[in-house]
Amino acid sequence: MKIAVLSDTHGLLRPEVIQIIKTCDAVIHAGDINSQKIIDEMKAAAKPDIPFYIVRGNNDKNWAEHLPHHLEFTLSDINFYVVHNKKDLPDDLNDRQIIVFGHSHKYLEEIHEGRLWLNPGSCGKRRFHQKITMVVLTIMNGTWKVEQIDIPHSAAITSGKPRQTAVPEGEVFQVTSEILKRMEKGQSIIQIASEMKIDFKFIEQVCRIRMTHPGVTTKEILDKMEVNQTGR
């Protein structure tokens, strides 16, 4: 069983995170989501009917009143406890084997007395110069394997280079089609932006729509983005 473990998205669900969610059998989010839209996008990207375990963070206000403060559950015979802030953990964790939390935006993976303590870090908006990270947790035969996922910061694609801020209006259809072809070949958003020298935000938006709406056409993507397609 593969589990996507993430936290502190703060209103930004990166396309790289969506791609990982698409391959997993369950999703754990340790809070500071920032909006219901992020939850909806995660569920739209995921396999049908997989379980989601989402807790409320300190920045999740009125909209998140329906989300629990913490969760206890079992997946593949492994007992979990999930809470946003480690300080809110109870003194007695009973038979919990994996403890997941967030809040600090700093990756942590430690084992104490056979129990895994896991903070996936933040894969949302970057704070200061901290890494952008999440985890893919694989459980098999009562054991677990932790894979830290490092997501490149988008600023790297423009280092030392002038940034093109817009796609020429007459080329937008062809450019969008090429982005989709490269995406289907497995290229990352950063690779596409670097090779095509197209604005990262435009590519990110195209890829996000394609990921959350499988089968959508180039024209439908541009319609959703409200882009003028004149000249194609």
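Because the structure is a prediction, the values reported are computed rather than measured.
Side-chain contact between M42 and I54: present, with at least one pair of heavy atoms (C-beta onward) separated by less than 4.5 Å. Looking at R14 and I18, their side chains never come closer than 4.5 Å, going by heavy atoms from C-beta outward. Side-chain contact between N34 and W63: absent, with no pair of heavy atoms (C-beta onward) separated by less than 4.5 Å. No side-chain heavy atom of M1 sits under 4.5 Å from any side-chain heavy atom of M140. Looking at heavy atoms from C-beta onward, V136 lies in side-chain contact with I20 at the 4.5 angstrom threshold. Contact annotation: the side chain of I179 never approaches that of R182 to less than 4.5 Å [non-hydrogen atoms, C-beta and beyond]. Put simply, the side chain of T133 does not reach to within 4.5 Å of the side chain of I149, judged on heavy atoms. No side-chain heavy atom of Q187 sits less than 4.5 Å from a side-chain heavy atom of M183.
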Would Y53 and F80 count as a ring-ring contact (aromatic ring centres under 6.0 Å, His included) if you check the C-alpha gap in whole Å, the side-chain angles of each, and the deciding distance to 0.1 Å? CA-CA 10 Å; Y53 302 93; F80 287 78; 7.7 Å; no
I would like to know whether E184 and R210 meet salt bridge (Lys or Arg N to Asp or Glu O under 4.0 Å); could you show each step before the answer? CA-CA 10 Å; E184 292 301 322; R210 183 58 173 267; 3.5 Å; yes
Please test I139 against T143 for side-chain contact (heavy atoms from CB on, under 4.5 Å), starting from the C-alpha separation and ending with a verdict. CA-CA 6 Å; I139 298 177; T143 63; over 6 Å; no
Start with the C-alpha distance between M196 and E178, add both sets of side-chain angles, then the distance that settles side-chain contact (heavy atoms from CB on, under 4.5 Å), and finish with yes or no. CA-CA 9 Å; M196 294 184 67; E178 179 64 21; 3.7 Å; yes
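Side chain of E220 to backbone of T217: a donor-acceptor contact under 3.5 angstrom is found. For R115 (side chain) and I98 (main-chain N/O), no donor-acceptor pair under 3.5 Å exists by modelled atom type. When atom types are taken as modelled, the side chain of D60 and the backbone of I33 share a donor-acceptor pair closer than 3.5 angstrom. Q97 contributes a side-chain N or O that, together with a main-chain N or O of N79, makes up a donor-acceptor pair within less than 3.5 Å. A distance-only check finds no donor-acceptor pair linking the side chain of N85 to the backbone of H103 [under 3.5 Å].
Taking every heavy atom of both residues into account, V216 and I209 meet most closely at CG1-O, 4.2 Å. Considering all non-hydrogen atoms of both residues, A45 and K22 come closest at O-CG, 3.1 Å. In terms of heavy-atom proximity, I203 sits nearest to A193 at CD1-CA, 3.4 Å. Taking every heavy atom of both residues into account, I132 and P152 meet most closely at CD1-O, 4.4 Å. Taking every heavy atom of both residues into account, A26 and L75 meet most closely at CB-CD1, 4.1 Å. A pairwise comparison of heavy atoms in V146 and L137 identifies CG2-CD1, 3.6 Å as the closest pair.
A single hydrophobic cluster is seen to contain both L116 and Y107, as judged by linkage of ILVMFWY side chains at heavy-atom distances under 4.5 Å, directly or through other members. Under a hydrophobic clustering in which Ile, Leu, Val, Met, Phe, Trp and Tyr are joined whenever their side-chain heavy atoms come within less than 4.5 Å, directly or via other members, V135 and V27 fall into different clusters. In the hydrophobic clustering of ILVMFWY residues, with side-chain heavy atoms under 4.5 Å counting as a link, L71 and I39 come out apart. Linking Ile, Leu, Val, Met, Phe, Trp and Tyr whenever their side-chain heavy atoms come within less than 4.5 Å leaves I28 and L108 in two separate clusters. No single ILVMFWY cluster, assembled from side-chain heavy atoms under 4.5 Å apart, contains both V55 and V17.
Counting non-hydrogen atoms of neighbouring residues, nucleotides and ligands closer than 6.0 angstrom, the NZ atom of K181 reaches no more than 12 such neighbours. Counted within 6.0 Å of CG on D95, heavy atoms from surrounding residues, nucleotides or ligands total more than 12; the atom is thus considered enclosed.
Side-chain contact check for N119 and S7: no donor-acceptor pair (N or O, by modelled atom type) lies under 3.5 Å. Side-chain contact, Q148 with D150: a donor N or O sits under 3.5 Å from an acceptor N or O. Counting only N and O atoms by type, the side chains of H70 and E72 include no donor and acceptor under 3.5 Å apart. Between H29 and H84, the side chains place no donor N or O within less than 3.5 Å of an acceptor N or O (distance only, hydrogens not considered).
Residue S122 holds its OG atom at 9.0 Å from CG of D32, rounded to the nearest 0.5 Å. Here CG of L13 is found 7.0 Å from SG of C123. Values are rounded to the nearest 0.5 Å. If you take CG on N59 and OG on S35, they are separated by 12.5 Å, rounding to the nearest 0.5 Å. Here the CD1 atom belonging to I192 is positioned 11.5 Å from the CD atom belonging to E204, to the nearest 0.5 angstrom. Between the CG atom in D25 and the CG atom in D49 there is a gap of 12.5 Å [rounded to 0.5 Å]. To the nearest 0.5 angstrom, L93 atom CG is 4.5 Å from I99 atom CD1.
For the pair K43 and F52, the cation-pi test (distance below 6.0 Å, angle within 45°) is passed.
Exactly one of H10, K125, K131 qualifies for a side-chain hydrogen bond (donor to acceptor under 3.5 Å, both in side chains) with H105. That residue is H10.
The aromatic rings of F101 and W117 stand perpendicular to each other, their planes meeting at an angle above 60°, with 30° marking the opposite boundary.
No salt bridge links E65 with R56; every basic N to acidic carboxylate O contact stays at or beyond 4.0 Å.
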